[in-house]
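Before any comments, here is the structure.
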Amino acid sequence: MVISKNLLGLENTKREEIALILKTAQQFKEVLSRPIPKVPTLRGKTVVNLFFESSTRTRISFELAEKRLSADTISFTTSGSSVSKGETLKDTVRNIEAMKIDMVVIRHQSAGAPHMLAHMIEAGVINAGDGQHEHPTQALLDMMTLTDKFGKLEGLKIALVGDIQHSRVARSNIFGLQAMGARVAMCGPATLLPRDYREAFGSDVEVFTNVDDAIRWADVLNVLRLQLERQRNGLFPSLREYAATFGINRARLEAAKKNVVIMHPGPINRGVELDNDIADSEYSVILDQVTNGVAVRMATLYLKCGGDLEVVNGNE
Ligand code: CP
């Protein structure tokens with residue numbers, strides 16, 4: 001298998017590559033459980049984390065993954081940089097690349113920014129979230145968490161609940177889960193579902209506008225944050241009504257009389273898309289997702305930096 005040096009999205013990522021990243025992530029998860037959770041795998045490589053948009057989980061997780069792999073890392077945020085003096089993305093990145101780097105991890109508010117970068121620079125590019133487009137490592141860590149829980153992805157029924165229209169997490173999950181043979185549904189108010197979803201995701205995606213129907217159908221609910229910063233006004237009457245109609249709470253889960261697994265990419269609007277009680281409950285694997293994020297990002301960095309597939313495939 002030929003592995004690209006970039007991870008820009010899961011839309012065109014083959015099942016074999018996703019499976020390889022997930023398998024490699026399991027090996028790094030074992031490394032992370034050791035007393036000294038560090039390997040020299042990326043010693044001598046330099047990774048730059050470019051975060052033009054705020055992040056807690058993704059940025060810390062990438063930084064930790066790079067340190068666990070012994071890479072040299074630099075983290076860049078727009079505040080305090082020359083971006084605040086008007087420097088363009090192109091100039092920023094060209095200058096950073098002139099310092100001889102191997103890999104760029106980028107989060108940007110504009111869809112397509114990582115793709116533009118990948119055309120401009122020699123270093124590999126990993127998309128850490130671009131506008132409403134994709135967030136591939138989030139979907140990979142979600143798939144790793146589901147594999148840990150259910151042993152497989154094939155045939156599993158996952159409902160993405162909430163603001164699908166503005167969610168890069170939803171898009172990457174749908175592409176990745178479909179590639180791995182899972183069944184996917186979207187559930188939310190009609191105003192928060194993408195109008196072109198059949199064109200974008202194919203005719204196999206189920207759609208629910210009643211959350212109780214989605215809960216009855218699903219093995220897993222991946223509950224999405226309301227992306228208020230990306231929405232125009234008037235897409236739903238009020239947060240209170242949204243919580244009453246689509247919020248996931250104990251009464252709804254108990255009424256379904258089944259053990260549905262609850263995921264959320266974070267940050268959570270507690271009491272809106274997810275009740276406080278449920279976010280920390282026996283239904284939730286939210287902190288497992290965060291833990292798996294480090295292993296998935298180690299695997300992605302390793303493979304994209306030219307990691308030895310023979311070793312990873314167990315043929316050492
Ligand atoms: N899930 C996620 O992308 O979270 P952050 O915005 O905190 O990185």
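Both ligands and their constituent atoms are indexed starting at 1 by order of listing. The structure displayed is predicted, hence computed values, not measured ones.
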**Item:** Among Asp148, Thr147, Asn292, side chain to side chain donor-acceptor pair (under 3.5 Å) partner for Gln26
**Value:** Asp148
**Prompt:** Under 6.0 Å between the ring centres of Phe201 and Phe175?
**Reply:** yes
**Request:** Look up atom CD1 in Ile126 and atom CG in Leu117, then write down how far apart they are to the nearest 0.5 Å.
**Result:** 12.0 Å
**Candidate pair Arg297 and Glu63, rule salt bridge (charged side-chain N to carboxylate O under 4.0 Å, His left out), full reasoning** = CA-CA 9 Å; Arg297 287 165 179 135; Glu63 287 182 10; over 6 Å; no
**Asked** Rounded to the nearest 0.5 Å, what separation is found between the CG atom of Leu226 and the OH atom of Tyr242?
**Response** 4.5 Å
**Asked** Please, which pairs that meet salt bridge (Lys or Arg N to Asp or Glu O under 4.0 Å) have at least one residue in residues 109-127, sequence neighbours excluded?
**Response** none
**Prompt:** Listing by chain and number, which residues have a heavy atom under 4.0 Å from ligand 1?
**Reply:** Ser55, Thr56, Arg57, Thr58, Arg107, His135, Gln138, Pro265, Gly266
